[in-house]
Amino acid sequence: MARLAQTEGLTDVQREILATVREFVDKEIIPVATELEHRDEYPTRIVEGLRELGVFGLMIPEEYGGLGESLLTYALCVEEIARGWMSVSGIVNTHFIVAYMIKQHGTPEQRETFLPRMALGEVRGAFSMSEPGLGSDVSAITSRAVRDGDGHLLHGQKMWLTNGGTSNLVAVLVRSDEGHPEGTAPHKSMTTFLIEKEPGFGEVRPGLTIPGKIDKMGYKGVDTTEMIMDGVRIPENRVLGGVTGRGFYQMMDGVEVGRVNVAARGCGVAQRAFELGISYAQQRHTFGRAIAHHQAIQFKLAEMATKVEAAHAMMVKAARKKDSGERNDLEAGMAKYLASEYCKEVVEDAFRIHGGYGFSKEYEIERLYREAPMLLIGEGTAEIQKMIIGRRLLEEYRIEG
């Protein structure tokens with residue numbers, strides 16, 4: 001793997017951070033990932049280790065106790081973590097989106113209250129936008145906030161919260177029609193609220209219930225949940241940014257950086273699948289020689305490596321674009337689309353190289369084969385990414401007149 005997925009132009013500090021994370025992944029994650037995944041067990045020791053490394057505060061500014069690193073540094077760390085076990089990268093990434101939204105859009109009081117504790121991993125974030133009947137149509141959100149004195153009462157049901165049980169802070173998007181006349185565009189009448197809660201399941205604060213973990217095909221270990229709001233009261237100072245009606249834009253900003261990190265997860269899983277495939281191809285012998293020397297297998301390895309390299313390059317470009325302060329929805333959409341599709345293909349090719357053994361739970365590729373599909377739908381499906389890409393291309397290449 002020494003020649004694949006290298007990133008040019010990194011500083012000494014970035015290289016040192018990545019080397020430290022990679023060593024942690026090799027020693028602390030890969031040896032136990034499959035066992036924990038098969039038991040659907042939350043990786044407590046791994047998460048505590050990442051806390052000690054400062055990963056939870058990687059992009060939080062130094063003034064709030066974080067490391068103040070770039071999105072690129074963070075994405076490259078996520079790539080390494082996902083190479084070990086994608087579920088762990090999901091735990092960190094969801095926390096990161098909430099911290100990013102508070103950093104970018106929160107009031108000074110919200111930043112002071114949450115960011116220092118988020119940098120330490122004492123406050124863990126969850127991100128809640130989807131609903132049971134929502135799919136990709138965010139404008140169809142039905143959960144809502146109703147004004148109640150000097151606060152708001154939240155009602156509705158949310159779906160697919162990563163860290164729903166283990167988190168103690170949830171950024172949730174709901175409709176808030178107050179101050180927005182009838183007929184206002186849906187995206188202009190949505191607000192993000194910061195809900196503080198107890199970790200765990202059941203009623204975690206008055207009016208707020210986390211029913212339990214959703215049983216999933218893959219992406220196990222991490223707790224994915226529903227959230228039911230039945231009049232949960234939120235004070236005015238927990239409206240993100242202090243003003244209602246801005247939630248859609250705040251969430252989309254968070255999703256944009258989230259897509260870079262989903263792309264990074266796809267790159268990490270694909271790298272691991274390639275590692276497993278090329279290793280097994282040199283160990284397995286048929287017709288008197290290692291299958292790596294059969295032309296058909298070499299063709300597969302060539303295609304897999306090229307996809308790993310291309311996805312990594314696109315992900316790095318999207319992260320650097322965001323770090324420069326420029327709009328990057330085109331690049332983020334391309335990176336997420338390319339990396340997730342290529343990840344699926346590389347994992348399947350590695351699965352094929354393993355032959356019948358790939359179907360055995362004793363082999364790591366079986367886990368990757370169940371994990372890769374989540375990336376096809378997380379942070380927006382391939383179809384949504386193509387819609388975003390197509391619209392942006394028409395803006396860039398619009399014919400005048």
Side-chain angles (χ1 to χ4, degrees), residues 37 39-44 47 86-98 101 123-146 152-176 186 190-234 238 240 247-248 250-252 254-255 258 262 370-371 373-381 384:
E37 197 270 350
R39 295 204 303 258
D40 198 7
E41 181 178 325
Y42 187 81
T44 301
V47 170
M86 192 182 73
S87 293
V88 178
S89 67
I91 292 169
V92 177
N93 185 49
T94 307
H95 169 89
F96 154 73
I97 292 176
V98 178
M101 289 170 61
V123 169
R124 305 269 184 84
F127 171 85
S128 178
M129 184 166 60
S130 187
E131 295 182 4
L134 186 60
S136 299
D137 184 9
V138 180
S139 67
I141 279 178
T142 60
S143 57
R144 62 177 58 244
V146 178
H152 303 262
L153 296 178
L154 273 54
H155 298 267
Q157 183 178 3
K158 289 294 187 176
M159 195 71 175
W160 306 119
L161 278 75
T162 300
N163 293 345
T166 48
S167 64
N168 46 13
L169 178 66
V170 181
V172 60
L173 182 67
V174 301
R175 295 183 63 88
S176 56
M190 295 185 186
T191 299
T192 301
F193 289 88
L194 300 173
I195 303 179
E196 297 167 86
K197 70 176 187 67
E198 291 296 319
F201 301 100
E203 190 172 38
V204 292
R205 68 174 283 170
L208 186 71
T209 300
I210 305 293
K213 292 169 61 173
I214 297 169
D215 192 13
K216 309 182 296 290
M217 175 178 75
Y219 197 41
K220 293 179 178 289
V222 59
D223 49 301
T224 305
T225 73
E226 299 176 65
M227 183 172 73
I228 299 171
M229 301 176 291
D230 185 16
V232 56
R233 195 175 192 283
I234 306 298
R238 292 300 175 257
L240 182 61
F248 178 83
Q250 295 164 345
M251 282 276 177
M252 290 304 104
V255 166
V262 170
R370 288 183 290 102
E371 289 178 340
M374 198 285 290
L375 297 170
L376 300 172
I377 53 176
E379 307 292 357
T381 63
I384 290 296

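In this text the structure is predicted, and so the values were computed from the model without any measurement. The residues of the chain are indexed from 1 along the displayed sequence.
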Can you name the closest pair of heavy atoms from Val88 and Pro43 and give their distance?
CG2-CG, 4.1 Å
Name the residue from Asp223, Val47, Ile210 that meets the side-chain contact (heavy atoms from CB on, under 4.5 Å) definition with Thr166.
Asp223
Go through His152 and Ser176 one step at a time and tell me if the side-chain contact (heavy atoms from CB on, under 4.5 Å) criterion holds.
CA-CA 9 Å; His152 303 262; Ser176 56; 5.9 Å; no
Side-chain touch Leu375/Met86, heavy atoms, less than 4.5 angstrom
yes
So, does Asn163 use its side chain to make a donor-acceptor pair with the main chain of Ala126 at under 3.5 Å?
no
Expected output: side-chain Ser87 to main-chain Lys220 donor-acceptor under 3.5 Å:
yes
List in chain and number order the residues that pass ring pair (Phe, Tyr, Trp, His ring centres under 6.0 Å) with Phe127, two or more places apart in sequence or in another chain; answer none if no residue qualifies.
none
Identify the heavy atoms of Val170 and Ser167 that sit nearest to each other, and give their distance.
CG2-OG, 4.0 Å
Within residues 193-212 or reaching into it, pairs that qualify as salt bridge (Lys or Arg N to Asp or Glu O under 4.0 Å) - sequence neighbours excluded:
Glu196-Arg238
If the condition is side-chain contact (heavy atoms from CB on, under 4.5 Å), which residues does Ile214 pass it with, not counting sequence neighbours?
Met159, Trp160, Lys216, Thr224, Glu226
Can you tell me how far the CZ atom of Phe193 sits from the CG atom of Leu173, to the nearest 0.5 Å?
9.5 Å
How many angstroms lie between atom CD of Glu131 and atom OG1 of Thr142, to the nearest 0.5 angstrom?
4.0 Å
Verdict with supporting geometry, Asp230 and His155, side-chain contact (heavy atoms from CB on, under 4.5 Å)
CA-CA 5 Å; Asp230 185 16; His155 298 267; 4.1 Å; yes
Pairwise distance OG(Ser143) to CE(Met227) - rounded to 0.5 angstrom:
8.0 Å
Minimum heavy-atom separation for Ile195 and Ile234, please, with both atom names.
CG1-CD1, 3.8 Å
Under 3.5 Å, side chain of Lys213 to main-chain N/O of Thr225, donor-acceptor pair present?
no
Here the gap from Leu208 atom CG to Leu154 atom CG, rounded to the nearest 0.5 Å, amounts to 9.0 Å
Working to the nearest 0.5 Å, report the span between CE of Met229 and CZ of Arg144.
11.0 Å
Thr94 vs Val222, test: side-chain contact (heavy atoms from CB on, under 4.5 Å). Steps then yes/no.
CA-CA 11 Å; Thr94 307; Val222 59; over 6 Å; no
For Ser130 and Lys158 the tightest heavy-atom approach is O-CD, 3.2 Å
Can you name the closest pair of heavy atoms from Ile228 and Pro211 and give their distance?
CD1-CG, 3.9 Å
Can you confirm whether Asn168 sits close enough to Pro199 that some side-chain heavy atom of one is under 4.5 Å from a side-chain heavy atom of the other?
yes
Search all heavy atoms of Ala171 against all heavy atoms of Thr192 and return the closest pair with its distance.
CB-CG2, 4.2 Å
Checking side-chain contact (heavy atoms from CB on, under 4.5 Å) for the pair Met190/Met251: CA distance, chi angles, key distance, verdict?
CA-CA 10 Å; Met190 295 185 186; Met251 282 276 177; over 6 Å; no
Spacing of Phe248 atom CZ and Arg175 atom CZ [to the nearest 0.5 Å]
12.0 Å
